[in-house]
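Basis for what follows: all heavy atoms, side chains included, without hydrogens, waters or symmetry-related copies.
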Amino acid sequence: MNFGPTDWWYWGFKKGQCGSFIGQEVGKDASTQLTHHANMTIPLFDSRVYFTHLISIKIYPLSNPDPTSPSGHRLFFSSIPLPFHPCLQPEEMNYNNQSIRLFGIELKPTGKLLVNYFVAYTVLLFDFKAYPCHTLELSYGIPNFTMIPSEL
């Protein structure tokens with residue numbers, strides 16, 4: 001699922017869309033949209049399932065540079081300190097969406113399945129400046145299947 005030409009999103013703070021779409025979808029932002037799109041790629045089971053032995057892995061942008069990325073990192077990171085209101089363009093949203101899903105595949109522990117993606121907006125503080133960015137949390141677990149109540 002790709003982002004289209006109307007997917008210009010503020011990086012965080014649930015400010016909605018930006019660019020010529022400013023003021024639309026307030027209550028959402030790039031992090032909520034990236035979380036939604038990534039989670040849409042996790043397969044559903046045709047039976048009831050619960051997960052045990054859950055683990056979470058947190059990923060930060062500065063630990064994952066990528067010179068081909070719009071922000072220079074595999075996750076959104078602004079080299080311009082606050083205050084400003086960066087807008088992620090559809091191309092940036094698509095790059096980040098692909099990168100997030102690749103993290104889910106690359107970091108998968110043996111014997112566990114991906115349960116959830118969660119993209120959060122945050123602000124990193126260093127050199128007495130605040131830099132907006134996204135972090136990613138991946139959750140993995142061992143699936144356990146149960147009977148559907150009608151089969152009991």
Aromatic ring pairing Phe77/Phe126, orientation class (parallel under 30°, perpendicular over 60°, tilted between): parallel

Leu114 side chain near Lys108 side chain, heavy-atom distance below 4.5 Å: no

Donor-acceptor contact present, side-chain Asn94 to main-chain Asn2, <3.5 Å: no

Donor-acceptor contact below 3.5 Å, side chain Ser99 vs main chain Arg74: yes

Under 3.5 Å: donor-acceptor pair, side chain of Lys112, backbone of His53: yes

Transitive ILVMFWY side-chain link Ile42 to Leu54, under 4.5 Å: no

Disulfide bond (SG atoms under 2.5 Å apart): pairs with one or both residues in residues 45-87, sequence neighbours excluded: Cys18-Cys87

Under 3.5 Å donor-acceptor, Asn97 side chain and Met93 backbone: no

Any side-chain heavy-atom pair of His37 and Tyr117 under 4.5 Å: no

Exceeds 12 heavy-atom contacts within 6.0 angstrom, atom CZ of Phe118: no

Within 6.0 Å of NZ in Lys14, more than 12 heavy atoms from elsewhere: yes

Mutual orientation of the aromatic rings belonging to Trp11 and Phe76 [parallel < 30°, tilted 30-60°, perpendicular > 60°]: tilted

Residue pair Tyr60 / Thr122, side-chain heavy-atom distance below 4.5 Å: no

Test applied, side-chain contact (heavy atoms from CB on, under 4.5 Å); reference residue, Thr32; option that passes from Thr35, Leu34, Asp29: Asp29

Residue pair Ile80 / Pro86, side-chain heavy-atom distance below 4.5 Å: no

Any His134 side-chain heavy atom under 4.5 Å of Leu88 side chain: yes

Flag if over 12 foreign heavy atoms under 6.0 Å of CD, Gln98: no

Side chain to side chain, Leu62 and Tyr131, heavy atoms closer than 4.5 Å: no

Side-chain donor/acceptor of Gln33 to backbone N/O of Ala30, under 3.5 Å: no

Common cluster, Val123/Ile59, ILVMFWY with side-chain heavy-atom separation under 4.5 Å: yes

Which residues share a side-chain contact (heavy atoms from CB on, under 4.5 Å) with Lys15, sequence neighbours left out: Tyr10, Phe13, His85

